[in-house]
Amino acid sequence: SRGNLFVANSAGSDSITEFAAGATPGTLKAGTIALTGGGLSEPYDLAFDARGNLFTSNVLGTTITEFAFTPGVGIAPGTFGAGIAAATGLNSPAGLAFDASGDLFVGSYDGGTITKLAVGATPGTFGTGKVVETGLSTPAYLAFGPLSSAPVPEASTTISLGLLLTLGLGGLIVSARRKASLPR
């Protein structure tokens, strides 16, 4: 909501860089902070919860890292605490998405599963994860479609660059690598 851009730096640096939005629309200032800690191991996907906390999946590990937002500090970049391990025991977590209730869904790249984590009121307090979907092929990115009260876009299925993306209305959207060729 502050207009800043966050980038997960996975190849070797294990950090997250924040770029402050520039005064001119469409411009960014130089990266102003690198978020580290909390067991970052090839950070892959980023998601914000309703409180403004930043979460990243660690695809070469078994954890989700949370960077707690510090309210009341203003709009300056770098208003996040040190990273803490917010969830553990996952199998190469990749995709992240929050639903309308504030629960975090995690796609496990190597596990082929989607796990639901109930978020607590305090940063880093997840309930026990529950696997809600199995048998997927490397779920990499997750997103929730619009709620039924939102304008309804046309549903579609798109296949490009080896990724399979199925869109559903009001449901979970999953992107995964295609293992088998599809009929033409």
Worksheet item: Quick one: does S10's side chain get under 4.5 Å of P43's, heavy atoms only?
Response: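 Yes, side chains in contact.
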Worksheet item: Of all residues at least two apart in sequence or in a different chain, which pass the salt bridge (charged side-chain N to carboxylate O under 4.0 Å, His left out) check with D49?
Response: R51
Practice prompt. Go through the structure and list residues passing salt bridge (charged side-chain N to carboxylate O under 4.0 Å, His left out) with D14, not counting sequence neighbours.
Written response: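 None.
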For [X], enumerate each residue passing the side chain to side chain contact (heavy atoms under 4.5 Å, CB included) test, keeping only those at least two apart in sequence or located in another chain.
X: D99; result: S101, D103, F105, F144
X: S13; result: N9, S15
X: S41; result: N58, L60

Worksheet entry | Selection residues 132-145 - residue pairs positive for salt bridge (charged side-chain N to carboxylate O under 4.0 Å, His left out), sequence neighbours left out |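 Output for this query is empty, none listed.
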In Å, rounded to the nearest 0.5 Å, how long is the span from [atom1] of [X] to [atom2] of [Y]?
X: T63; Y: L90; atom1: OG1; atom2: CG; value: 8.0 Å
X: F6; Y: T56; atom1: CZ; atom2: OG1; value: 12.0 Å
X: I64; Y: L96; atom1: CD1; atom2: CG; value: 4.5 Å
X: T62; Y: D110; atom1: OG1; atom2: CG; value: 12.0 Å
X: L142; Y: F98; atom1: CG; atom2: CZ; value: 11.5 Å
X: I16; Y: L40; atom1: CD1; atom2: CG; value: 5.5 Å

Closest heavy-atom contact between [X] and [Y]?
X: P93; Y: G61; answer: CD-O, 3.3 Å
X: A140; Y: Y44; answer: O-CE2, 3.7 Å
X: A68; Y: N53; answer: CA-OD1, 3.3 Å

Item to complete: Please assess D45 against Y109 for the test side chain to side chain contact (heavy atoms under 4.5 Å, CB included), listing each intermediate value before the final yes or no.
Response: CA-CA 11 Å; D45 198 7; Y109 193 82; over 6 Å; no
Worksheet item: Ring centres of F48 and F69 under 6.0 Å apart?
Response: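 No, too far apart.
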Fill in: ILVMFWY cluster, V131 and V106 together (side-chain gap under 4.5 Å)
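No; tracing contacts between hydrophobic side chains, which count when under 4.5 Å, never links both residues.
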